[in-house]
Amino acid sequence: MSDTKPITEIEEEIVDEFSLFDSWDEKYEYIIDMGKKLKPLDDVFKKDENKIKGCQSTVWMVSELQGDKVIYKAESDAVIVKGLVSMLIRVLSNHTPQEIIEAKLDFIDRIGMKQHLAQTRSNGLLSMVKQMKLDATVYLAQLSTKN
Amino acid sequence: MIETLEHTTFDVQAIRQQFPVLNRLVKGKPLVYFDNAATAQKPKVVIDALTEYYEKYNANIHRGIHSLAEEATAAYEATRDTVQQFINAQHREEIIFTRGVTESINLVAYTYGRTNLKSGDEVIISGMEHHSNIVPWQLVAEMTGAKLRVIPVDDNGELIMEEFYKLLSEKTKIVSIVHASNSLGTINPVKQIIDAAHKAGAVVLVDGAQSTVHLDIDVQELDCDFFAISSHKVYGPTGIGVLYGKKHLLEAMPPFMGGGEMIKDVSFEKTTWNDLPYKFEAGTPNIADTVALKAAIDFINSIGKTAARKHEDALLQYATAQLETVEGVRLIGRAKHKVSVASFVVEGVHPQDLGILLDNQGVAVRTGHHCTQPLMNRFGIPGTTRASFAMYNTKEEIDVMIAALNKAIRLLR
Ligand SMILES: Cc1ncc(COP(=O)(O)O)c(C=O)c1O
């Protein structure tokens, strides 16, 4: 229906963008910039049930099914986390549940942000990915009962 | 205050050379380690003591008659003597080895607390306690029906002592209080608290997790009933700590854990307990780390706490003054007496973002609630950024942090 690129292609784009940077400063500047640009989540969604656990900062995430595609929206009170989550949204949003579930997301490692997946970081990139995939799983079940 | 740093005879460069990890780079930058309140780095002598133990005389202690067992036992027990002198305990058997402050507090809560508390009794803690000095008491309060009372904290991060005196009553059985706050640095007037509590008939546990490395500890002068220490915060290994307890109290307490070492005779009809301190040291203990703890204490003694403290105080003053020059920075914790902990928030900036960006410059600080959520709630903040200083830190490192902080704030705003 829509002409969104495959997940792997978007991942590749991000890896390309990051390859321009040679310092950590530049990488984080870019992430912060993305964080600042992320559209704020409507206040009505900022409630406990939309909070993602396991984060030192607070992340709210909501999703919905539009046709056969999942749309994610999120916000955080920390800018770097917001930047990271905006990348995840850019990669995963507007894809089918099946595609989202299967996504390997190895771009995170390739742009040098793997440390944010570590449990110790407690800024919950891992929790975000889990939540996004969990939502996709629920939508997949909904879609299959419909068919 | 810069002068006090420069006029001291204390040779910080010589000290730095004794800490191998300080030579490493983080993200291509020299490591600036300001997370000392979480755990201190280890001098070479401590690392060597660990290796030497495993390479030369590893053996299970106390029961063996062979040479290695004798040497290992002697080294293990030598640490007990060193700790005894370090905190001036009257008897060596008043020194119980545990895994750290957390286990020491749990030991007291589950043995002394469980046998002495009954419904209606009260345990007083403070609003600046680490979770490890809150949760064990909540658990024991639930078991016994005792109540937890909390000394409030004022805006400067000091205990409101008038409120403490009001809370004290004949119902008070235990007062458990942090000597120096890990989140704010506040040094609490534990001597006054102990004297008042004793008059009310209560026993006092002092959480020495943060104070032991900075302050001179004399448990007899303090007259505390229990004192808890973590080795890893005094330049020693992780996984080992100390509970000091007054002998007559420890003798009256039931054991904490059952097993080998802690028994005199075992039969299915009746088992009798070993004497102090072994009654509280069930199973094969953490021999290697205990042995290396001695090296850590010897190291501190060789430098001298007074000299180290002078240096650390100067660092704290310098850091405080520098932080105040950074726009938007608000210091959390302005107590008159502090150990070298500088906690702060930056307006409009999340501590986590700061922590990540400081790490990019090689600066290790801690961000978050520091295991003191009730205290953070008291100040109406989710957490702080905390820089905590050790004897090997320098004024130049503080300059690096301030530069990194300014840069981070510029990016984040
Ligand atoms: C004040 C205070 N109490 C207790 C603890 C717990 O010590 P440990 O984790 O070594 O058992 C800490 C350590 O962070 C602390 O700072």
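These figures come from a predicted structure and were not determined experimentally. So you know, we letter chains A, B, ... as the sequences are listed, proteins then strands, and number each from 1.
Rounding to the nearest 0.5 Å gives a distance of 11.5 Å between CH2 of A/W24 and CD1 of B/I356.
Heavy-atom contacts from other residues, nucleotides or ligands closer than 6.0 Å to CZ of B/R99 number 12 or fewer. Taking a 6.0 Å sphere around CD of A/E49, one finds it holds more than 12 heavy atoms contributed by other residues, nucleotides or ligands. Taking a 6.0 Å sphere around NZ of B/K44, one finds it holds 12 or fewer heavy atoms contributed by other residues, nucleotides or ligands.
No side-chain donor from either of A/D77 and B/Q352 sits under 3.5 Å from a side-chain acceptor of the other.
Nearest heavy-atom pair across A/V79 and B/D353 is N-OD2, 2.5 Å.
By a heavy-atom distance cut of under 4.5 Å, not one residue of residues 40-48 of chain A is near chain B. Contacts with chain A (heavy atom to heavy atom, under 4.5 Å) involve these residues of residues 400-413 of chain B, listed by number: B/K407, B/L411, B/L412, B/R413. Heavy-atom proximity under 4.5 angstrom to chain A picks out nothing from residues 377-393 of chain B.
Of the two parts of A/K27, neither the backbone nor the side chain holds a non-hydrogen atom closer than 4.5 Å to a non-hydrogen atom of chain B.
For A/F18, the ring pair (Phe, Tyr, Trp, His ring centres under 6.0 Å) test picks out A/F21, A/Y30, with sequence neighbours left out.
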